[in-house]
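Single-structure report; data block below.
Chain identifiers are assigned alphabetically (A, B, ...) following the order of the sequence lines, protein sequences preceding nucleic acid strands; residue numbering begins at 1 within each chain.
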2 protein chains.
Amino acid sequence: MATGRTHRPATRSRGIPEATVARLPLYLRALTALSERSVPTVSSEELAAAAGVNSAKLRKDFSYLGSYGTRGVGYDVEYLVYQISRELGLTQDWPVVIVGIGNLGAALANYGGFASRGFRVAALIDADPAMAGRPVAGIPVQHTDELEAIIRDNGVSIGVIATPAGAAQQVCDRLVAAGVTSILNFAPTVLSVPDGVDVRKVDLSIELQILAFHEQRKAGEEAAAGTAAVPAATREQSATDQGPDGDVPAVMPA
Amino acid sequence: MATGRTHRPATRSRGIPEATVARLPLYLRALTALSERSVPTVSSEELAAAAGVNSAKLRKDFSYLGSYGTRGVGYDVEYLVYQISRELGLTQDWPVVIVGIGNLGAALANYGGFASRGFRVAALIDADPAMAGRPVAGIPVQHTDELEAIIRDNGVSIGVIATPAGAAQQVCDRLVAAGVTSILNFAPTVLSVPDGVDVRKVDLSIELQILAFHEQRKAGEEAAAGTAAVPAATREQSATDQGPDGDVPAVMPA
DNA sequence: GTCTGTGAATGGGTTCACAGCT
DNA sequence: AGCTGTGAACCCATTCACAGAC
C-alpha cells in the first residue's frame, strides 16, 4: 500500500529470528503512532528511537522481512505497517478466550490493545457459577462447563489463562484438548503441553524479582563507592532490552 | 541454612549473566514448592523439570552462584532457597508503589505473589480524586498529589506503572525525580529514563502478537503439508523459553 | 555408580562498518 | 550527500560431554 513498491519479498526464506519477531510488535506500535500523525516516511534512526532500540538492530530486523526501505530516504510508514501486520498475522481476526475472570481477567477483557490489533475476545470463562451471566467489559461471563463448546463454535486457537495457579494446568489441558494451540499464561506455574502448542508466560512477581536483583546491586555499588556517588545522568532513551525470556522470549513449538 | 555447608562462595565474582538472573525466580518458585512438601534434596534433573528448563542450563546457572550442590546427591532445598533469595535481594523488604488503580492496578494490588516474596505494597496511587480513600486490597488509594511524599517517606525504590499509556511517561518522570530507580511498566509505551534507572516492561498485546505470529505459521504449514498433518504429540514438558525481552529480558542500567 | 561443576563447542543475536542504491 | 541493506566480527547464551567429588 502507499508508494507502490515493486519488490517481491525476494529472500522470503523460512525463519525470522525469534528475537526479531518479539520486536515487530514494538515497531508496529511506533509506526501506528506515526501513521496517526500522518507522517509519510521515517528513517531507521527515528523509528528506532521511537521503539526504544538501536538503528542497526532495526535495519537488520527489517532485512529479514525483505527490502522495504528506500536508500537515502527511509521507510514508507503505511507500507511498513501493512507488511509487519501481515507478517505477524494481524490482518486476520483472532478470536481469543480468557479463562479466569478475577481482577486480572477483567483487566485483560477491558484492555483496549487487544481489539485494536486483530484480537477479538470471543468469550470470558470463569469457574464461579456466581459470575455466570454477569457482563464484564460488555461481554457476559460463561461457566467453565461451556469451555469446549465455546472453543469449537468460535474456532478459537488462542487462549489466555488468568486463573489461580492451582487451576491453570487443568484449564490448560482442557483448552488444548478442545483445540487451542497457543496459550498466554498469567498463572505462576509451569504448564506442560503437547508438542505443537505454544505457551508464553507473563509473571508479575518474576519481573519484580529481577528488578530487585538489580536494585540490590545498585545499593551495593553505591555503598562501595564511598558515600554518594549517585550516577544520575542526563535523561536518555532507555534501552531495557528484556527480550526473550524476559530474555528473548523464544516461543518454541513445545 | 540446613546442612551446614562450609563452602565459601569461592568464585564470588561480579556478574551473573542476565539470562541466569531471569531464571532464578523460576528456580526459587520450584524450590519453594519442594520446601513446602518438605523435600530435603533435589537433583538438577528433577528441579530442572519442575522449573521447565533443561538440567545442563540449570547446573550452569547455579555454578555462577557458587558450588552449592553435592556430587552424587543433588542440592539441599532449604539451603538453595536461601542462597537464591539472598542473591535476588529478597531477604530484604522492598516497598513498592503501584500507580494507576484501574482493573490492572487492582489485580496487582491483590496479587499474592508480591507479599509472599519480600515485596510490600507501600501505597496505591491514582489520579482520580473519586478513588482517593477507597480501599483496594485493604489499602486506601491515595491521590497522585501525594506521590513524592509517599516515595520519600517510605523509602520506595521500586515503582509499578499501571496507568493508561498517555500518563505513563509523566508518572515515570515523577517517580524518578522522587527517587525511584526501578520501574515495572505495564503501559504500552516506551519510557525514557535517566541512566541508572532500570525499566522492565510487560505488554499484554505484544505477547499476543507473538503468539499470533506462530499461530499463523502453524496454519500455513498445516495447509502446506496436505490436509490433516496434525503433529499433536504426546504430552511433554514445554520448554517455552521466552527469555530476554520476551527475549532474554536484559534489564539494563539504562 | 551417581550427579555436580565446568571447559569446550556450538549457535543466535547484536554491533560494526561499509558497499550500494537513490 | 544520505540512508538502507548486509557481510564480518563480536559477544552472550545454550548445549555437550566428561572429569571430579561423593
Check the pair A:I16, B:F213 against side-chain contact (heavy atoms from CB on, under 4.5 Å), reporting the backbone distance first and the verdict last.
-> CA-CA 10 Å; A:I16 295 170; B:F213 172 85; 4.2 Å; yes
Closest to the 5' end of DNA chain C, once A:G72 and A:R59 are matched to their nearest nucleotides, is A:R59
NZ of B:K60 versus C1' of D:dC12: gap in Å, rounded?
-> 12 Å
Whole angstrom is fine here: how far is it from NZ in A:K57 over to P in D:dC12?
-> 13 Å
For the side chain to side chain donor-acceptor pair (under 3.5 Å) test, which of B:R59, B:K57, B:K60 pairs with B:S44?
-> B:R59
Please report, rounded to the nearest Å, how far the C1' atom of C:dG13 is from the CZ atom of A:R23.
-> 8 Å
Mind calculating the distance between CD (B:E45) and P (D:dT15) to the nearest angstrom?
-> 13 Å
Compute the centroid of each ring, for A:F62 and then for A:Y68, and state whether the two points are separated by less than 6.0 Å.
-> no
Would B:D76 and B:L80 count as a side-chain contact (heavy atoms from CB on, under 4.5 Å) if you check the C-alpha gap in whole Å, the side-chain angles of each, and the deciding distance to 0.1 Å?
-> CA-CA 6 Å; B:D76 181 284; B:L80 250 194; over 6 Å; no
Would you mind reading off the distance between B:L58 atom CG and C:dT4 atom P, rounded to a whole angstrom?
-> 9 Å
Can you tell me how far P of C:dG5 sits from CZ of B:F62, to the nearest Å?
-> 9 Å
Let me know the distance between CG of A:L47 and C1' of D:dG2, rounded to the nearest Å.
-> 17 Å
Report yes if a side-chain nitrogen or oxygen of A:S44 is closer than 4.0 Å to either non-bridging phosphate oxygen (OP1 or OP2) of D:dT4; otherwise report no.
-> yes
Looking only at D:dG5, D:dA13, C:dG13, the nucleotide nearest the A:E18 side chain is C:dG13
Looking at C:dT22, does its base get a donor-acceptor pair with the side chain of A:R71 below 3.5 Å?
-> no
For A:L211 and A:E207, what are the C-alpha separation, side-chain angles and deciding distance, and is it a side-chain contact (heavy atoms from CB on, under 4.5 Å)?
-> CA-CA 6 Å; A:L211 282 177; A:E207 299 299 323; 5.9 Å; no
In whole Å, what is the span from the CG atom of B:L65 to the P atom of C:dT4?
-> 15 Å
Does A:Y75 make a side-chain N or O approach to OP1 or OP2 of D:dG5 shorter than 4.0 Å?
-> yes
Between D:dT15 and B:N54, is there an OP1 or OP2 to side-chain N/O distance shorter than 4.0 Å?
-> yes
